[in-house]
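Read the structure below first, then the notes.
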Amino acid sequence: MADVRSELADHVRDLVAPVVPRFSPGRARVRLGVNTAIHDDTAAELESFARPLWGLAPLAAGGHAVPHAELWARGLAHGSDPAHPEYWGQPADHDQRLVEMAAIGFALALAPEQWWDPLSGPERDRLARWLRSALHREVSDNNWHFFPVLVGLGLDRVGVSYDHALTTARLDRLETFWLGDGWYADGPTERRDYYVPWAMHYYGLLHDTLTGGDRFRERAARFALDFRHWFADDGAAVPYGRSLTYRWAQAAFWGALPFAGVDALPWDVVKGYLLRHLRWWRGRPVSGPDGLLSIGYGYPQPALAEQYNAPGSPYWSLKAFLPLALPERHAFWTAEETEPPVLPTVSAQPHAGAVLMRASGDVTLLAGRQHHPWVRHGAEKYAKFAYSSRFGFSLPGGGLGLEQGAHDSMLALSDDGGAHYRVREEPAASYVTADTVLSTWHPWPDVEITTWLTAAAPWHVRTHRVRTGRALHSAEGGFAVDRDAATDRGAGPAQARVSAPAGLTGLRDLDGRRRGEVVDCLPGTNVLARRTAMPVLSGRLPPGEHWLRCAVLGAPAGPEAENAWRHPPTTAHPTTGDGT
């Protein structure tokens with residue numbers, strides 16, 4: 001509806017408005033804060049300049065008013081001018097500039113009248129020359145191959161010639177990442193995270209729409225059937241993987257479908273997925289007093305940053321507003337938003353190495369395949385056993401003991417009496433069945449653990465076969481919970497639970513041989529403004545083979561959760577031997 005369209009347009013303007021006072025005198029640089037990323041300050045300030053264009057370009061293409069559009073036009077003229085003091089510099093191989101040049105190519109492709117037509121002839125020549133310099137550069141062997149493609153789309157729209165064989169080569173390489181069934185890998189890796197919807201599919205749909213192609217549409221339609229399971233009924237997405245500071249870019253895929261005319265699901269359903277997600281984010285403390293978006297997820301949290309996150313990185317979130325480029329009478333806008341559709345309780349997704357489970361409107365992702373050792377806190381972002389749309393996850397505050405480790409949704413093992421713990425970081429093998437994720441991992445060369453994670457909504461069951469050549473102490477955590485809310489913490493024989501207004505999480509030892517206790521992490525050692533109240537099953541494992549089995553509950557607080565707590569799963573899966 002028109003009111004919703006206008007509301008989203010206003011939202012883009014509101015998000016961009018705090019950026020405007022931060023423009024440099026020449027308008028080519030935007031300094032939003034101190035750059036702590038691995039790339040140089042010029043690239044970081046280019047990033048802050050370019051990323052708002054992901055929202056402003058659809059705004060312009062859809063005929064909406066674009067405030068201060070002239071700032072970006074002047075910046076394009078000066079930043080691409082080698083003689084200007086604010087010149088952005090030539091991109092090198094694997095350069096962050098290549099990422100931001102894609103946003104500029106996108107803006108020229110959607111709205112050249114805003115950011116190309118106002119430039120003089122010499123300014124256009126310099127900007128074209130600078131953009132063409134990206135086409136030959138080596139890029140990271142993943143979704144980055146799309147960045148020169150997007151630059152080319154912008155050059156095509158404004159009539160600048162270049163060697164299209166370069167684009168063909170990029171697209172051919174991207175084809176090698178296609179897995180089938182709607183899924184890509186993000187390069188020759190095990191990563192199949194949000195970069196599949198907000199990068200691989202998003203850019204592919206842009207390419208098809210702007211070139212009249214059809215390479216990517218059918219794939220996106222198939223992916224939508226899996227991706228809908230990643231969203232809770234209230235619009236929350238499961239926090240998982242890297243770049244979570246991009247926040248509502250998680251729903252950018254739902255905006256790309258109508259832009260590309262891919263009616264994989266009815267428009268009222270697609271509209272619901274996008275709008276519920278955006279509403280879930282509204283009002284959350286994701287910006288500072290100055291209105292600028294912060295690094296973090298549900299609140300400012302610098303520890304969540306990847307090495308490549310500079311102050312302007314969160315404005316990647318504006319990719320979610322692509323439908324603003326559509327006319328007011330498009331079927332996406334005229335459709336009435338519907339309630340969340342009823343979906344199966346369990347969705348097995350082998351390409352992601354995950355089983356997604358629904359209960360009480362929440363989503364839990366059981367993970368067993370993906371990993372990313374390069375990014376900060378890669379084990380926490382990819383290799384925990386379970387990720388919840390309700391509870392989120394924690395990051396460690398240090399390397400000593402359980403109090404600093406924050407091992408929610410992890411089995412932590414120590415061979416030095418509890419001073420240091422190791423967790424699953426890189427699964428060596430994985431397998432997905434209809435309701436179970438199996439993985440094998442090696443915290444030490446002489447320790448092999450096979451873990452079965454089985455959906456039993458609202459519970460999930462964890463079974464670990466531990467084959468060890470050394471004595472180990474073990475501890476296992478449930479979900480992370482709110483630090484500050486009043487909580488009901490409890491422990492009993494072989495069980496532990498924490499109940500807070502946000503929800504109830506608890507862990508029961510199904511073998512009945514281990515003692516339950518709650519480890520409450522010390523202030524300042526875990527996620528800022530948050531700490532983990534972690535149900536723990538502790539015990540020492542002598543060398544040999546051992547089976548550990550427990551059930552973990554995560555649910556909204558209330559009578560249903562209390563009833564579920566009294567009735568944990570009882571069916572053995574798999575056979576666990578004698579236990580210990």
Side-chain angles (χ1 to χ4, degrees), residues 4-19 32 47-48 50-59 103 106 193-203 205-206 224 227-259 269-288 291-301 304-306 309 311-326 332 337 340 363 365 381 387-390 392:
V4 173
R5 186 170 180 264
S6 298
E7 180 183 342
L8 294 189
D10 288 341
H11 191 20
V12 171
R13 297 186 191 102
D14 291 343
L15 288 168
V16 175
V19 174
L32 300 183
E47 176 183 84
S48 299
R51 294 204 171 187
L53 293 171
W54 289 109
L56 293 177
L59 203 66
F106 168 76
D193 52 17
Y194 283 105
Y195 277 83
V196 177
W198 74 33
M200 306 298 277
H201 280 298
Y202 188 91
Y203 302 143
L205 291 175
L206 283 177
F227 191 48
R228 57 184 173 166
H229 292 278
W230 290 57
F231 290 82
D233 287 353
D234 64 358
V238 177
Y240 176 77
R242 67 187 178 105
S243 298
L244 289 176
T245 199
Y246 299 164
R247 295 186 173 106
W248 49 92
Q250 291 170 321
F253 174 80
W254 299 119
L257 289 181
F259 178 80
V269 174
V270 174
K271 188 173 185 177
Y273 282 127
L274 177 62
L275 296 185
R276 281 191 301 274
H277 185 71
L278 293 175
R279 284 196 296 268
W280 187 86
W281 282 104
R282 294 298 292 264
R284 296 187 182 273
V286 298
S287 58
L292 296 172
L293 294 178
S294 63
I295 299 290
Y297 191 63
Y299 47 83
Q301 174 46 287
L304 193 68
E306 275 77 37
N309 286 151
S313 291
Y315 289 88
W316 207 255
S317 61
L318 271 66
K319 294 168 78 172
F321 296 100
L322 183 57
L324 288 173
L326 298 172
F332 174 79
E337 177 189 351
V363 179
L365 184 152
K381 294 171 181 175
Y387 295 84
S388 166
S389 63
R390 173 168 294 275

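Heavy atoms only: backbone and side chains are in, while hydrogens, waters and symmetry mates are out.
- Residues R13 and L59 have side chains in contact (heavy-atom distance under 4.5 Å, counting atoms from C-beta outward).
- Minimum interatomic distance between A325 and F259 (heavy atoms only, all atoms of both residues): CB-CE1, 3.9 Å.
- Side chain of Y315 to backbone of A50: no donor-acceptor contact under 3.5 angstrom is found.
- Under the 4.5 Å side-chain criterion, counting only non-hydrogen atoms from C-beta, Y202 is not in contact with P197.
- The shortest non-hydrogen separation linking V16 to P52 is CG2-CB, 4.2 Å.
- The side-chain hydrogen bond (donor to acceptor under 3.5 Å, both in side chains) test applied to R284 returns no partner, not counting sequence neighbours.
- Exactly one residue among P311, P285, P300, S287 makes a side-chain contact (heavy atoms from CB on, under 4.5 Å) with S294. That residue is P300.
- When all heavy atoms of Y299 and R247 are compared, the closest pair comes out as O-NH2, 3.9 Å.
- A cation-pi geometry, defined here as NZ or CZ lying under 6.0 Å from the six-membered ring centre and within 45° of its normal, does not hold between R228 and Y273.
- Interatomic distance, F332 CZ to L274 CG, rounded to the nearest 0.5 Å: 5.0 Å.
- For the pair F106/P58, a side-chain contact is recorded, criterion being any heavy-atom separation below 4.5 Å from C-beta on.
- Expressed to the nearest 0.5 Å, how far CZ of R282 lies from CG of D14 amounts to 7.0 Å.
- The CZ atom of F253 sits 6.5 Å away from atom CG of L205, with the distance rounded to the nearest 0.5 Å.
- One finds the CG atom of D10 at 11.0 Å from the CG atom of L15 (value rounded to the nearest 0.5 Å).
- Residues Y387 and W230 fail the side-chain proximity criterion, which asks for heavy atoms closer than 4.5 Å.
- Inter-residue side-chain proximity for K319 and Y203 is flagged as met; some heavy-atom pair is nearer than 4.5 Å.
- Taking both residues in full, the closest heavy atoms of R242 and D193 are given as CG-OD2, 4.0 Å, listed atom of the first, atom of the second, then distance.
- Annotation: side chain to side chain contact (heavy atoms under 4.5 Å, CB included) contacts of A237 (sequence neighbours excluded): Y194, F231, Q250, H277.
- Listed by chain and number, the residues in a side-chain hydrogen bond (donor to acceptor under 3.5 Å, both in side chains) with R276 amount to none (sequence neighbours excluded).
- To the nearest 0.5 Å, atoms CG (L206) and CG (L322) are separated by 6.0 Å.
- Put simply, the side chain of N309 does not reach to within 4.5 Å of the side chain of W316, judged on heavy atoms.
- Of the possible donor and acceptor atoms, none in the side chain of R390 sits under 3.5 Å from a partner among the backbone N and O of V363.
- E337 places no side-chain N or O within donor-acceptor distance of the main-chain N or O of K271, the cut-off being under 3.5 Å.
- Two residues are said to be in side-chain contact when any heavy atoms from C-beta on lie closer than 4.5 Å; P314 and I295 meet this criterion.
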Would H201 and L257 count as a side chain to side chain contact (heavy atoms under 4.5 Å, CB included) if you check the C-alpha gap in whole Å, the side-chain angles of each, and the deciding distance to 0.1 Å?
CA-CA 9 Å; H201 280 298; L257 289 181; over 6 Å; no
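- The line from CD of E7 to CG of L275 is 8.0 Å long, rounded to the nearest 0.5 Å.
- Summarising the geometry of S389 relative to P239, their closest heavy-atom pair is CA-CD, 4.2 Å, with the distance given to 0.1 Å.
- Between F227 and W254, the ring-plane angle classifies as parallel under the 30° and 60° cut-offs.
- Here the shortest heavy-atom pairing between L304 and G296 reads CD2-C, 3.6 Å.
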